[in-house]
Amino acid sequence: MKIISGGVTAPKGFKAAGVSCGIKKDNKKDLAIICSDDIAIAAGVFTKNVVKGHSLQLTMEYIKKGCAKAVVINSGNANACVGEAGFKNAKEIAEVTGNLLGCDPENILVGSTGVIGVPLDMPKILNGVKETALKLSPEGSNDAVEAIMTTDLVKKEMAVEIDIQGKKARIGAIAKGSGMIHPDMATMISVITTDVNISKELLDKALKEAVAHTFNRVSVDGDTSVCDMVVILANGKAENPGILNEGTEYDTFKSALEFVCEHLSRSIAKDGEGATKLIEVVVEGAASSDDAYKMVSSIAKSPLVKTAIFGEDANWGRIITAAGYSGAEFDPTLIDISIGSLLVCKNGTALDFDEGEAKKILEKDEVQIKVNLKKGTFKDRIWTCDFSYDYVKINGSYRT
């Protein structure tokens, strides 16, 4: 596997573009299209929030048939909770885009992200769709990823090349996400493209398995939003014979897909709103996978843990407290806690550790918290970030 440039347009037969249509202020890009030359097979994973945006509802309906030609995404407005007009507007976006790209509107997936409860400015959106369609380019990934950003400070894109069934194949992706992030989808949107020839069933399986351990192992603030999705399009342009069964070729594809998703997931956590540090929380020795997940999730979304890391304070008592209310079953007299390579708690008891060494570990841009429950063989991990003063500033005035 080789990392390459090109993002979502690195695979053969994909184009993209991003423009400013006037939803955001200061002429910032806010509308993107990612398009396959031919109809591609498609799969998606969506937010589990009971409240769902209208664009997302439409995409969840259209993707059921397992194919798509393009994804059109606007940022700055979530198109959520605005009544019947929201769904009607999403359908109109799909219809106009489909007409411009020469395909059935049901082959267009629609995404929206931004402020909830504000109707879309449809004249601006539709003008933007027309402009974007004219600008579609094999070099358009960078503009597309810029157009889907909200509070993101960093563009998130990735591409790799792999050998599949004697052919060179590629996987490319873009993503957005910085706040309102927690497992089971959050304020994140990712579009993944590949020129691999693979069955619908195996594409769906590979995506769900990859997302479970990557995008659904990111937490910035414990919130999950209403518009969020990861979708993948595979157009077969690599001309490999076809991945039709699980085995070596499928494993190669899935491993590369997970690599791309992990890179983007870590980027989302590292770019958390106001974040100064990427934090990886690892729990091992759990009695069940459920216990391991409950504990990493609880520690990752604890405001006290996150502020301690921001303050570079090795206050491990906050970690064991978050473990204690996680709902996981464990014996507090067995738990070990490490910050980086430094063991700070053994068998549930404080150690006389070197505070200076702890400070050096916490000064780094990336910090690992490791918990060993010594009750079994299950483990899990999640990526999160610290809470700084800027998180409150950003979210205290999000709409202004």
Side-chain angles (χ1 to χ4, degrees), residues 43-50 177 181-186 188 190 201-224 228-230 232 246 250-251 253-266 268-269 278-302 305-306 316 318-340 343 345-348 366-385:
V45 179
F46 307 97
T47 182
K48 291 187 179 179
N49 196 316
V50 174
I181 304 288
H182 197 62
D184 294 328
M185 297 288 99
M188 66 172 68
S190 180
E201 293 75 17
L202 289 182
L203 184 70
D204 183 70
K205 178 180 173 64
L207 181 67
K208 285 182 169 61
E209 290 178 353
V211 167
H213 299 289
T214 57
F215 287 112
N216 274 338
R217 288 298 182 272
V218 181
S219 179
V220 168
D221 45 25
D223 274 311
T224 59
D228 310 308
M229 64 183 188
V230 176
I232 185 168
E246 293 185 53
Y250 171 76
D251 290 342
F253 172 75
K254 191 178 79 166
S255 177
L257 179 62
E258 287 180 346
F259 180 86
V260 169
C261 292
E262 178 173 325
H263 175 86
L264 295 175
S265 299
R266 287 174 60 90
I268 288 170
L278 173 68
I279 305 168
E280 182 182 51
V281 181
V282 178
V283 169
E284 55 190 17
S288 70
S289 59
D290 186 53
D291 283 340
Y293 172 69
K294 284 179 179 177
M295 191 168 292
V296 293
S297 179
S298 182
I299 294 169
K301 67 182 181 182
S302 164
V305 171
K306 293 156 76 69
W316 63 268
R318 296 181 176 184
I319 298 170
I320 198 169
T321 299
Y325 63 64
S326 67
E329 293 187 12
F330 69 101
D331 184 346
T333 66
L334 295 179
I335 189 172
D336 291 351
I337 299 173
S338 297
I339 298 175
L343 189 66
C345 169
K346 185 173 180 61
N347 294 326
E366 299 187 10
V367 176
Q368 185 186 73
I369 296 171
K370 182 176 284 188
V371 176
N372 191 341
L373 302 179
K374 293 182 279 189
K375 290 288 287 183
T377 60
F378 293 91
K379 62 182 180 180
D380 209 334
R381 61 100 174 84
I382 195 168
W383 297 292
T384 186
C385 59

side-chain contact (heavy atoms from CB on, under 4.5 Å) for Val281 and Val305? Distances and angles first, verdict last. CA-CA 11 Å; Val281 181; Val305 171; over 6 Å; no
Give a yes or no answer on whether the side chain of [X] reaches the backbone of [Y] with a donor-acceptor pair at less than 3.5 Å.
X      : Y      : answer
Ser297 : Tyr293 : no
Lys306 : Cys385 : yes
Thr214 : Glu262 : no
Ser298 : Ala322 : yes
Asp204 : Ala43  : no

Which heavy-atom pair separates [X] from [Y] by the least distance, and what is that distance?
X      : Y      : result
Arg381 : Arg217 : O-CD, 3.2 Å
Thr384 : Ala300 : OG1-O, 3.3 Å
Arg266 : Leu278 : NH2-CD2, 3.4 Å
Phe215 : Ser265 : N-OG, 3.1 Å
Ser190 : Leu264 : OG-CD1, 4.0 Å
Val218 : Ile382 : N-CG1, 3.9 Å

Using side-chain contact (heavy atoms from CB on, under 4.5 Å), reason through Lys208 and Val45 one step at a time and then give a plain yes or no. CA-CA 7 Å; Lys208 285 182 169 61; Val45 179; 4.0 Å; yes
[X] [atom1] to [Y] [atom2] distance, which is reported to the nearest 0.5 Å:
X      : Y      : atom1 : atom2 : answer
Asp380 : Asp290 : CG    : CG    : 10.0 Å
Glu366 : Ile279 : CD    : CD1   : 11.0 Å
Ile299 : Thr321 : CD1   : OG1   : 10.0 Å
Leu207 : Leu257 : CG    : CG    : 6.0 Å
Ser326 : Ile320 : OG    : CD1   : 11.0 Å
Glu209 : Cys261 : CD    : SG    : 12.0 Å

Any side-chain donor near an acceptor of the partner, Thr333 and Asp331, under 3.5 Å: yes
side-chain contact (heavy atoms from CB on, under 4.5 Å) between Leu203 and Phe253: does it pass, once the steps are laid out? CA-CA 9 Å; Leu203 184 70; Phe253 172 75; 4.0 Å; yes
For Glu246, what residues pass the side-chain hydrogen bond (donor to acceptor under 3.5 Å, both in side chains) criterion, not counting sequence neighbours? none
Show me the side-chain donor-acceptor pairs of residues 370-377 shorter than 3.5 Å, one per line, residues at least two apart or across chains.
{"residue": "Asn372", "atom": "OD1", "partner": "Lys374", "partner atom": "N", "Å": "3.0"}
{"residue": "Lys374", "atom": "NZ", "partner": "Leu334", "partner atom": "O", "Å": "2.9"}
{"residue": "Lys374", "atom": "NZ", "partner": "Asp336", "partner atom": "OD1", "Å": "3.0"}
{"residue": "Lys374", "atom": "NZ", "partner": "Asp336", "partner atom": "OD2", "Å": "3.1"}
{"residue": "Lys374", "atom": "NZ", "partner": "Asn347", "partner atom": "OD1", "Å": "2.6"}

